[in-house]
Amino acid sequence: MLILTDTEKRGRFDIKYKKTSGKHIIIELKRSGRTLDEFELLAQVDNYRNALEKLVAETGKNEPVEVICIVGKPLKQWTTPEKAEESRESMAARNIRVIYYQELIENSYQSYKSFLETYPEAGRVSRLIKNIRDEEQKVD
C-alpha cells in the first residue's frame with residue numbers, strides 16, 4: 001500500500017513530468033528573475049522526487065527519477081565557479097540538475113541547427129527560437 005507523507009500529498013503537480021528512455025523526469029521551472037537558495041530548492045524538489053519514487057516503487061519497477069530545475073540566475077551559494085561546480089556535483093549524485101533558461105535555449109538551438117538548415121520549411125520554428133533568444137538577451 002502506497003503511503004505518502006502530508007508534504008508529499010500537498011506537493012505541487014503543476015510541474016512538468018515525462019518518462020523517457022526508462023527514466024522518470026520532473027522538470028521544475030523557476031521564475032527567471034529570482035535568485036534561489038540551493039537548500040530551499042533541494043528541499044522542494046526532494047519532496048517531488050521522493051513522492052514519485054514511491055509511486056514508481058509501488059508499480060514494482062526499479063526505474064530512476066531525475067529532477068531538472070530550470071533557473072534564470074545562479075543559485076545564491078554559487079559565488080565562485082568552484083562552488084557552483086561542487087554544488088552541481090552534489091546534486092548530480094541525487095539525480096538533480098540545475099540549468100539556466102539561456103543554456104536550455106542555446107542547447108536546443110544548436111541541436112536543431114543542422115536540421116533547420118537542411119529543411120528550410122522548418123524556418124518557422126527557427127524564427128520562434130531566434131525570437132526567444134533575442135527576448136532573453138534583452139532581459140539580461
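Keep in mind the model is a prediction, meaning the values are calculated, not measured.
Checked by atom type and distance alone, the side chain of Lys76 never pairs as donor or acceptor with a backbone atom of Glu38 at under 3.5 Å. Panel note: side chain Arg94, backbone Leu42; no donor-acceptor pair is recorded below 3.5 Å.
From Lys130, atom NZ reaches atom CD1 of Ile105 across 13.0 Å, with rounding to the nearest 0.5 Å. From Ser90, atom OG reaches atom CD of Glu85 across 11.5 Å, with rounding to the nearest 0.5 Å. Annotation: the span from Ile25 atom CD1 to Glu66 atom CD amounts to 5.5 Å, rounded to 0.5 Å. To the nearest 0.5 Å, the span separating CD on Glu86 from OG1 on Thr80 amounts to 8.5 Å. A distance of 12.0 Å separates CG of Asp134 from CD1 of Ile129, quoted to the nearest 0.5 Å. In this structure, the separation between CD1 on Ile70 and CG on Leu104 is 5.0 Å, given to the nearest 0.5 Å.
At a threshold of 4.5 Å between side-chain heavy atoms, the hydrophobic network of Ile, Leu, Val, Met, Phe, Trp and Tyr places Phe39 and Trp78 in two separate groups.
Taking the side chain as every heavy atom from C-beta outward, Ser32 and Tyr100 never approach each other to under 4.5 Å. Within the 4.5 Å cutoff, the side chain of Asp46 has heavy atoms near those of the Ile96 side chain.
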Run the side chain to side chain contact (heavy atoms under 4.5 Å, CB included) test on Leu41 and Lys30 for me, step by step, so that the C-alpha distance in whole Å, both residues' side-chain angles and the decisive distance to 0.1 Å come before the verdict. CA-CA 10 Å; Leu41 180 64; Lys30 299 312 241 177; 3.9 Å; yes
Val65 and Asn95: side chain to side chain contact (heavy atoms under 4.5 Å, CB included), yes or no, with the steps? CA-CA 7 Å; Val65 174; Asn95 286 329; over 6 Å; no
For Met91 and Ser87, run side chain to side chain contact (heavy atoms under 4.5 Å, CB included): C-alpha distance rounded to whole Å, both residues' side-chain angles, the deciding distance at 0.1 Å, then the answer. CA-CA 6 Å; Met91 286 187 273; Ser87 171; 3.1 Å; yes
Between Val45 and Ile26, does the side chain to side chain contact (heavy atoms under 4.5 Å, CB included) criterion hold? Intermediate values first, please. CA-CA 9 Å; Val45 299; Ile26 299 170; over 6 Å; no
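Side chains of Glu40 and Gln44: a donor-acceptor N/O pair is absent below 3.5 angstrom, by distance only.
Of all heavy-atom pairs between Pro64 and Gly22, the closest is CD-O, 3.5 Å.
With a 6.0 Å radius and a threshold of 12 heavy atoms from other residues, nucleotides or ligands, Glu106 has its CD atom above the threshold.
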